[in-house]
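Here is the structure we will look at.
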Amino acid sequence: MTSEIPAAFKNITVTSKDRNMIQIIHRLVTDEYGENYWFDGCARYIMECLNEPDFDYDFFAGLTGDVFAQYYPYGNFRGEGVSGYMLYEKPTTYLRETEDCFELCEGSSGFIELIFKECGYSSKFVPITILRKNKEIYKKNLMSYINNNIPVIAWDFGEPYIRVLVGYEDYGDILLYITGNSDRPEQISLEKSLNNNIENAGWIFIGSKIEKPSLAQIYRERIRTLPKLLNTDTPKFCFGAGAFRAWADDIEKGKFDNVKPEEFDPWSNYTSYICGIATNASCCHTFLDRAIKLNPDMGFLIEVGKLYSRCKEIWNDDGGNDLEAIGGGFNVKLKALQDKRQRKNISLRLRELADINDKIVMLLKQGLQNTEY
């Protein structure tokens, strides 16, 4: 990422307004509908404002891979989903396709820019260090976006980590934003929003429409690359079957043995990953169904959907032997992860999920062999 100001962001003329807010205001996500990946909600929000109805939440949840890939870090908590993990990395980091999987790389375009490029739009991630150095220029640019009813994604000036900027007051010195399940804009000063030490924070600006891509081809390409995404294993994290096995290994090897109750954070230590199982097994089907409708030769995705449904049963509907029933779901207690017998049973179920993910990859590869590109 260079320190240069993009040409399009220089010499911006902004109609002098004390305050303004975009016309479309609603919740960023609705988690009771399984909308648990907030970047996808932000991206959907922008596309809604640009009158692009095909690019909704379910579209982005599939395009990013969030709704297909189980995730697990080697080390500290890194957020939720593929998009969360990529945002945690440097702005120029992206997943490069290799023969068997994806690997972390750096280049001129990062994960965000590549995602919007798939939709036919340019975009720009501006890191907070550049925003601070050129505060007045980017304030004017933000105001211009708002005046044209286009929100800007902010990553990150606190908890929660991502939101959309939807308005301003006091000629841009006060920002209005929405995040998560709230439909009520909140205020933060521009100064405070830029005065944080959160690594890789910044703003994401959508750019101009550069092409009108084939919707069928976008879905087709996501399915083509899905087996490799589900085999991703980097020095920092892994996706797919490897994520389940790494998680099970940590539990079995006593990761929590010396953790005190006051030190145990259920979400970052465990239930975030349960949320990944529950969300993906329940919510991947919309993208799969659309892919089949747009590409009738991909009928094999029906069987892929059944395997994801089996994952849902192992989580919460498996005759009293599912993760929730054995104390390894959202109801997990530290005591269960420290009890050798109970954690063994939990790990066995996680390894079953890994085996099912292996079957998903195999089925995808077999189906894709009979599909022309």
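These numbers come from a predicted model, not from an experiment.
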At their closest point, which heavy atom of [X] faces which heavy atom of [Y], and how far apart are they?
X      : Y      : value
Ala69  : Leu230 : CA-CD2, 3.7 Å
Gly79  : Tyr71  : O-CE1, 3.8 Å
Ile223 : Leu368 : O-CD1, 3.7 Å
Ala278 : Ser282 : O-OG, 2.8 Å
Ile218 : Leu63  : CG2-CD1, 3.9 Å
Ile153 : Ala43  : CD1-N, 4.3 Å

| remark: The residue among Glu103, Glu99, Glu97 that forms salt bridge (charged side-chain N to carboxylate O under 4.0 Å, His left out) with Lys228 is Glu97
| said: Set out, in order, the CA-CA distance, both residues' side-chain angles and the distance that settles side chain to side chain donor-acceptor pair (under 3.5 Å) for Ser268 and Asp265, then state yes or no. | reply: CA-CA 6 Å; Ser268 63; Asp265 177 6; 2.8 Å; yes
Within a 6.0 Å radius of atom [atom1] on [X], are there more than 12 heavy atoms belonging to other residues, nucleotides or ligands?
X      : atom1 : value
Gln23  : CD    : no
Asn258 : CG    : no
Lys344 : NZ    : no
Lys312 : NZ    : no
Glu191 : CD    : no

| task | Determine, for Arg220 against Asp297, whether the closest basic-nitrogen to carboxylate-oxygen distance falls under 4.0 angstrom. | result | yes
| query | Looking at Arg290 and Asp56, does any basic side-chain N land under 4.0 Å from a carboxylate oxygen? | reply | yes
Return yes if a side-chain donor-acceptor contact under 3.5 Å exists between [X] and [Y], otherwise no.
X      : Y      : value
Glu252 : Trp247 : no
Asp31  : Asn36  : no
Thr129 : Arg132 : no
Asp289 : Thr286 : no
Tyr121 : Glu52  : yes
Asp233 : Tyr74  : yes

| task | Check which hydrophobic residues are tied to Leu114 through side-chain heavy-atom contacts below 4.5 Å, counting indirect links as well, and list them. | result | Tyr94
| task | Please name all residues satisfying side-chain contact (heavy atoms from CB on, under 4.5 Å) with Glu313, sequence neighbours left out, ordered by chain then number. | result | Arg310
Close side-chain approach of [X] to [Y], heavy-atom, < 4.5 Å:
X      : Y      : value
Tyr168 : Ile174 : no
Ile206 : Met47  : yes
Trp267 : Cys275 : yes
Asp249 : Arg351 : yes
Lys255 : Asn269 : no
Arg349 : Ile326 : yes
Thr93  : Phe111 : no
Ile150 : Ile146 : no

When you group the ILVMFWY residues by side-chain heavy-atom contacts below 4.5 Å and let the links chain together, are [Y] and [X] in the same group?
X      : Y      : result
Phe244 : Met362 : no
Met21  : Tyr171 : no
Phe256 : Ile274 : yes
Ile277 : Tyr33  : no
Ile210 : Phe205 : no

Measure from the side-chain N and O atoms of [X] to the backbone N and O of [Y], and report whether any donor-acceptor pair falls under 3.5 Å.
X      : Y      : answer
Tyr37  : Val82  : no
Ser144 : Lys140 : no
Thr179 : Ile162 : yes
Arg27  : Asn181 : yes
Thr64  : Asp66  : yes
Ser182 : Ile178 : no
Arg44  : Leu28  : yes
Asn134 : Ile137 : no
Thr271 : Pro266 : yes
Trp315 : Ala281 : no

Using ring centroids (six-membered ring only for Trp), state whether [Y] and [X] fall under 6.0 Å.
X      : Y      : answer
Phe237 : Phe239 : yes
Trp203 : Phe125 : no
Tyr72  : Tyr273 : yes

| field | Plane angle bin for Phe59 and Phe55 - parallel if under 30°, tilted between 30 and 60°, otherwise perpendicular | value | tilted
| So, is the end of the Arg163 side chain (NZ or CZ) under 6.0 Å from the ring centre of Tyr177 and within 45° of the ring's axis? | yes
| salt bridge (charged side-chain N to carboxylate O under 4.0 Å, His left out) evaluation trace for Arg222 with Glu118 | CA-CA 10 Å; Arg222 170 71 284 177; Glu118 286 287 317; over 6 Å; no
| remark: ring pair (Phe, Tyr, Trp, His ring centres under 6.0 Å) filter on Tyr45, not counting sequence neighbours, yields His26
| ring-ring contact (aromatic ring centres under 6.0 Å, His included) partners of residues 275-301, not counting sequence neighbours, each pair once | Phe68-Phe287, Tyr219-Phe287
| query | Could you state the interatomic distance from OG (Ser193) to CD1 (Ile128), rounded to the nearest 0.5 Å? | reply | 7.0 Å
| task | Please round to the nearest 0.5 Å and tell me the distance separating atom OH of Tyr145 and atom SG of Cys49. | result | 12.5 Å
| request: Using the salt bridge (charged side-chain N to carboxylate O under 4.0 Å, His left out) rule, take Asp170 and Lys17 through it: C-alpha gap first, then chi angles, then the decisive distance, then the call. | output: CA-CA 8 Å; Asp170 196 16; Lys17 292 184 179 182; over 6 Å; no
| query | Which residue pairs pass the side chain to side chain donor-acceptor pair (under 3.5 Å) test with at least one member in residues 329-343, sequence neighbours excluded? | reply | Asp257-Arg343
| Partners passing side-chain hydrogen bond (donor to acceptor under 3.5 Å, both in side chains) against Asp100 (at least two apart in sequence or in another chain) | none
